[in-house]
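We count residues from 1, following the sequence as given. Whatever order the structure lists ligands and atoms in, that order sets their numbers, starting from 1.
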Amino acid sequence: MPADPWVEAHAFLRPVAELSAAVDRAAAGIDVRDARIPAWDDYQADFLAGVPLLSSATAGVDLEPGGRMAVALIESLAAGTSPGWLAAETGALDAHLRLAPNASRRIPGFLLGDEALDPPFPGLLRYLAWTAMARFLRPLVVAFDGCRDEDRWLRRYCPTCGSLPAMAQLTGADPGRKRLLSCGCCGTRWQFKRTGCPFCETDSQRLASVTIEGEGGLRIDHCESCRGYLKTYDGQGQEALLLSDWSSLHLDLLAHDRGLKRLAGSLYEFEPARDS
Ligand SMILES: [Zn+2]
Ligand SMILES: [Zn+2]
């Protein structure tokens, strides 16, 4: 694997970078099915009412093929040459899913909040299943981006899957500079108020930010009212890496040390990475 300069400069990120790369390699080896694009007119009323696309009965997006991709990804990681703990934990997940009737239907339910599946290592299942599901949903996310009226959403949760944002991004130049919130689950980016806290929706004056020297345009925006914070990428061109959440776990530690609370959605354990 070619060494990424960002990871080279942040050696403590190496275990999570390796995990992410191993999962991406396995995901690249499974068959991709594409989500069907719904008729947008059918979804419009739900959209205006604030119902995320995947929760909308009238849009009716079938997530079962994405669930099948998640099952295949876990099977591949369990059978492959993953490092110690990953092989053991994906092996236990694989065994659990084999015994669960309709696993490929129940995984999407689990991702959207149904707790009936009760897997071992639920955090790992969320991470792996969202990795597969995001690949399945990519054409849908792109199509939804192209037709969504951003001014009529402006909500604090993802218009596609309903998750809270993992991070934010500032784009463009003044006037017209925008803040996008970034979903760590399905990969959607959507527009939100330029200032203002997405966790308690307080007024804009109470947001403060901490800029970190030499951190590629990353900063921490935090709310003085609820003490929640959002890692923010003030730049463009490196979205895949700098909005991946894992690539800035050290900023979470920094925020934690300042007494701030992580209220953002995340697929990553907010703890020092474990050894493989
Ligand atoms: Zn989402
Ligand atoms: Zn707040």
Side-chain angles (χ1 to χ4, degrees), residues 27 34-35 37-38 43 46-47 50-56 59 61-63 66-67 69-70 107-114 125-148 150 153-169 179-210 219-233 239-240 243-246 252 255-256 258-268:
D34 285 347
I37 312 289
Y43 169 58
D46 272 356
F47 175 76
V51 180
L53 179 60
L54 301 186
S55 301
S56 164
V61 178
D62 182 12
L63 297 175
M69 284 173 61
I107 286 174
F110 168 78
L111 294 181
L112 297 179
D114 172 12
L125 177 60
R126 261 174 64 75
Y127 166 52
L128 297 175
W130 269 123
T131 300
M133 194 60 80
R135 287 174 177 254
F136 167 69
L137 291 173
R138 199 165 291 157
L140 181 69
V141 165
V142 170
F144 192 26
D145 274 349
C147 72
R148 184 170 62 240
E150 293 284 7
W153 186 262
L154 298 174
R155 296 173 194 270
R156 63 210 206 103
Y157 52 90
C158 173
T160 306
C161 75
S163 301
L164 285 175
M167 292 187 66
Q169 180 186 19
R179 178 161 68 153
L180 305 178
L181 300 181
S182 167
C183 180
C185 299
C186 72
T188 299
R189 268 177 280 158
W190 72 99
Q191 207 175 311
F192 193 65
K193 288 174 287 193
R194 167 82 176 278
T195 53
C197 173
F199 304 117
C200 66
E201 298 188 285
T202 184
D203 55 1
S204 55
Q205 293 86 317
R206 301 183 71 90
L207 268 195
S209 68
V210 183
R219 66 184 213 198
I220 297 169
D221 284 357
H222 59 93
C223 170
E224 289 167 8
S225 186
C226 70
R227 307 289 292 158
Y229 70 92
L230 199 57
K231 295 183 293 186
T232 298
Y233 172 40
E239 286 86 349
L243 290 175
S244 71
D245 195 12
W246 67 257
D252 292 288
H256 178 75
R258 288 172 173 255
L260 301 171
K261 290 180 287 191
R262 176 148 185 148
L263 301 175
S266 182
L267 293 176
Y268 295 91

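- Using a 4.0 Å cut-off between charged nitrogen and carboxylate oxygen, R258 and D252 do not count as a salt-bridge pair.
- For the atom pair CZ (R155) and CG (L164), the distance works out to 13.5 Å, reported to the nearest 0.5 Å.
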Applying side-chain hydrogen bond (donor to acceptor under 3.5 Å, both in side chains), run through R189 and Q169 and close with a yes or a no.
CA-CA 9 Å; R189 268 177 280 158; Q169 180 186 19; 2.9 Å; yes
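- Geometry note: the Zn ion (ligand 2) is the vertex, C197 SG and C223 SG are the arms, and the angle is 110° (rounded to 10 degrees).
- If you take CZ on R179 and CH2 on W190, they are separated by 11.0 Å, rounding to the nearest 0.5 Å.
- Ion pairing between D221 and K231 fails under the 4.0 Å rule for side-chain N and carboxylate O.
- Annotation: the span from K193 atom NZ to L154 atom CG amounts to 8.5 Å, rounded to 0.5 Å.
- Of all protein N, O or S atoms, those under 2.8 Å from the Zn ion (ligand 1) number 4.
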